[in-house]
Amino acid sequence: MGRIHVLSEQVANKIAAGEVVERPASVVKEMLENSLDAGATRIKISVEAGGKKLIQITDNGCGMVRDDAMLAFERHATSKIRDAEDLLSVATLGFRGEALPSIASVSRLRLETRAGEEPAGTVVEINGGKIARVEEAGLPLGTSITVRDLFFNTPARKKFLKSESTELSHIASLVTHYALAHPEKHFELHSAANAMLVAPPVGGYSERVYQVFGKETLDQLIPVASRQNLEHVGLPQPPPWRRQQLEDYEEDRDVRAATPGELRIHGFISKPEIQKLNRNSIFVFVNGRLIRDRLVQHALTEGYRNIIPPTVYPVVLLFLELPAGEVDVNVHPSKTEVRFRQQTVMHDFVRDSVRAALMKARPVPQFVAEIRAHATAGQALTPGSLTPGADWGQPSAGNALADTRLSGAPQQPGAPAGFTLEAPMPPPISGRLQFEGGIAVEANAAIPVARGLENLPIAGSREFVPGDTCAPALDVGDEEPTLSSLGTLRPLGQIRNSFILAVNEDGLWIIDQHVAHERVLFERVLKQRAVQQVESQRLLMPIVLELSPAQQAVFTEISEELHNNGFEAEPFGARSIAIKVAPAGVEASAIEHLLHELLDQFSREEQSLNLEKIRTRIAASIACHAAIKVNMPLEHNKMEWLLSELARTDHPMSCPHGRPVVLRYSVKDIQKAFKRI
Ligand code: ADP
Ligand code: MG
């Protein structure tokens with residue numbers, strides 16, 4: 001008995017329609033999702049010429065019986081949903097029954113498949129949408145689909161394809177990220193004769209990150225894990241086609257409300273010192289589906305607010321899980337966008353989870369701030385170098401998570417809103433490593449070796465000969481400084497009257513005196529504001545400010561909050577205001593500048609202002625203008641005071657604008673530099 005059926009026209013019409021086959025990576029995505037939906041635990045993908053010439057995907061999933069193998073190429077033929085109600089809670093990655101027919105209509109496709117129910121397998125060949133051959137064959141269980149000459153019959157679309165290396169990088173990024181989402185499965189990606197990824201099953205997500213990107217990347221990431229109960233599960237709004245029948249909808253909702261539901265999030269986010277220039281390193285999966293979503297992006301930005309500057313982005317690999325009925329996946333043809341039913345709940349959950357993870361880790365910026373791929377794993381898994389004329393500027397051991405993408409085609413600001421499933425995966429080196437058969441084992445063998453070394457005690461991995469008395473091993477203990485270590489800092493002096501040098505058992509620290517004080521004041525103002533007690537000072541002479549129309553508009557909007565933050569201002573003529581009282585610590589000469597800056601900042605803001613944002617900005621501005629400046633000599637006790645105040649803040653590591661406050665040169669770094677380890 002076949003599993004696939006053609007959806008009724010009425011259901012088919014409710015499906016977000018559109019072209020799914022845009023480029024080789026979209027073919028890979030659709031087929032990969034089909035393999036996962038088929039329960040495959042081993043998926044091997046081979047491509048040639050960036051997928052333009054050939055894409056082959058072989059899985060050990062449930063396969064298809066002969067009738068299904070034919071039916072699968074009909075439009076809207078699917079085994080995954082039956083009726084419109086099923087669209088409300090799709091549990092599979094596919095559901096529209098459009099991918100296979102679309103791909104088959106623009107390529108030469110060969111399907112080989114066998115399901116457990118049938119003794120023999122089926123081969124189907126389709127050229128440009130026309131069935132060329134159907135026959136029986138002895139085949140292993142599972143499915144293999146080969147797509148050759150993509151867009152051979154649609155030259156206009158073919159013309160839009162990018163270089164082979166670019167198309168390959170999209171595919172590599174996609175496969176890598178699906179591999180990250182399914183650590184328990186075996187994934188392989190080969191391009192021509194080179195293995196770009198060979199990832200046998202591992203025990204968990206962090207092992208997978210380690211396997212694919214190496215230790216250094218893993219070290220730069222903070223794990224995130226939290227869960228939250230949902231008060232109700234189901235639609236806050238009836239779906240459009242049910243609006244007339246509100247009554248049954250309400251009934252349904254009562255049933256759904258009784259079903260307990262939970263939001264879960266897990267994955268990794270980068271430490272604040274990792275700052276990417278675009279969103280290409282943000283990967284978010286919702287119920288196993290790689291998506292881009294403005295709501296989640298916004299929640300991430302909010303989570304990192306005042307921890308990294310607003311113009312840069314973190315590295316994110318997050319998996320969100322929620323009841324299938326809580327997310328509408330039927331909103332975009334290529335299923336890369338979703339709509340959450342309870343948007344605010346979702347948004348705040350993501351923001352708070354990210355924030356909590358950052359607070360918990362409270363990481364200290366290191367001198368080496370840029371995330372890099374681990375050389376061993378990078379080479380083993382992505383044997384890369386430059387092909388002449390390739391799109392990459394440098395032969396990094398690149399991967400989506402690990403590359404800042406300074407090289408290659410520059411990202412236009414705002415061009416791809418969200419990720420474009422692209423990653424700078426370097427094209428293969430010819431002749432560097434052969435990855436056929438047993439060699440894959442060797443490639444992966446590099447990982448345990450590397451891990452073994454990492455676990456050795458520091459003295460044990462030194463290259464010096466034993467008995468090298470010139471460099472006795474130091475007992476450095478735990479390398480990761482905790483924040484409490486800030487409390488033990490002893491100031492030594494200043495560099496150029498701007499940076500405080502301090503030491504403790506963790507190493508040598510450099511503290512930017514201005515931003516350190518800024519952080520202290522920022523948190524103080526926010527706390528005082530929360531209890532309506534911001535300290536203020538009456539000015540000897542009111543300061544009169546002339547405002548532009550835009551500034552005036554903002555001033556009206558935020559004047560109450562300014563008042564709550566210790567300002568007293570009155571209209572003074574048509575376009576001016578007179579400031580009579582200002583927050584304590586801000587010099588009279590700085591007040592005018594502070595207010596102009598603040599009003600300008602808000603007037604440039606594209607999104608609407610919310611109270612929290614206004615409060616934070618005002619506090620940040622006051623802190624900035626009241627803080628100790630650079631080029632200011634500090635007495636020893638003043639430095640001690642500043643360091644102890646800083647140690648008491650919630651976020652001592654970055655200023656309200658997201659810049660780092662302290663840098664640490666760890667004992668390990670020092671030992672390395674002296675070649676003791
Ligand atoms: P959808 O995934 O939306 O159902 P597709 O066109 O991608 O639509 O696939 C049509 C049907 O073909 C699927 O519903 C599934 O039953 C079957 N199918 C496709 N790929 C595989 C596979 N790798 N293994 C088993 N069945 C598959
Ligand atoms: Mg599909």
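Each ligand, and each atom within it, is numbered from 1 in the order the structure gives.
- Polar contact with ligand 1: present for S79 (N/O pair, distance under 3.5 Å).
- In the model, H186 has a side-chain atom that pairs as donor or acceptor with a side-chain atom of E188 under 3.5 Å.
- Listed by number with element, the atoms of ligand 1 under 4.0 angstrom from any heavy atom of F95 are 1 (P), 3 (O).
- Counting heavy atoms under 4.0 Å from ligand 1, residue L100 touches it through both backbone and side chain.
- Counting heavy atoms closer than 4.0 Å to ligand 1, residue D59 contributes side-chain atoms (C-beta onward) but none from N, CA, C or O.
- Annotation for ligand 1: atoms under 4.0 Å from non-hydrogen atoms of T78 are 1 (P), 4 (O), 14 (O).
- When each atom of ligand 1 is checked for a heavy atom of A99 under 4.0 Å away, the hits are 6 (O), 7 (O).
- From T336, atom OG1 reaches atom NZ of K29 across 6.0 Å, with rounding to the nearest 0.5 Å.
- With a heavy-atom cut-off of 4.0 Å, A38 touches ligand 1 through its side chain alone.
- Figure legend: R23 and F160 shown without cation-pi pairing, the cationic atom not lying both under 6.0 angstrom from the six-membered ring centre and within 45 degrees of its axis.
- Ligand 1 has no N or O atom lying under 3.5 Å from any N or O atom of P101, backbone or side chain.
- Heavy-atom proximity to A72, at under 4.0 Å, picks out these atoms of ligand 1: 12 (O).
- Looking at M31 against ligand 1, nothing comes within 4.0 Å, counting heavy atoms.
- Of the listed residues (R96, M64, E33), the one carrying the non-hydrogen atom nearest atom 18 (N) of ligand 1 is M64.
- Atom numbering of ligand 1 starts at 1 in the shown order; those under 4.0 Å from a heavy atom of G94 are 2 (O), 3 (O).
- The distance between the ring centers of F285 and Y178 falls below 6.0 angstrom.
- Partner of Y205 under the ring pair (Phe, Tyr, Trp, His ring centres under 6.0 Å) criterion, chosen from F213, F319, F268: F319.
- Residue contact annotation: M31 places no N/O/S atom under 2.8 Å from the Mg ion (ligand 2).
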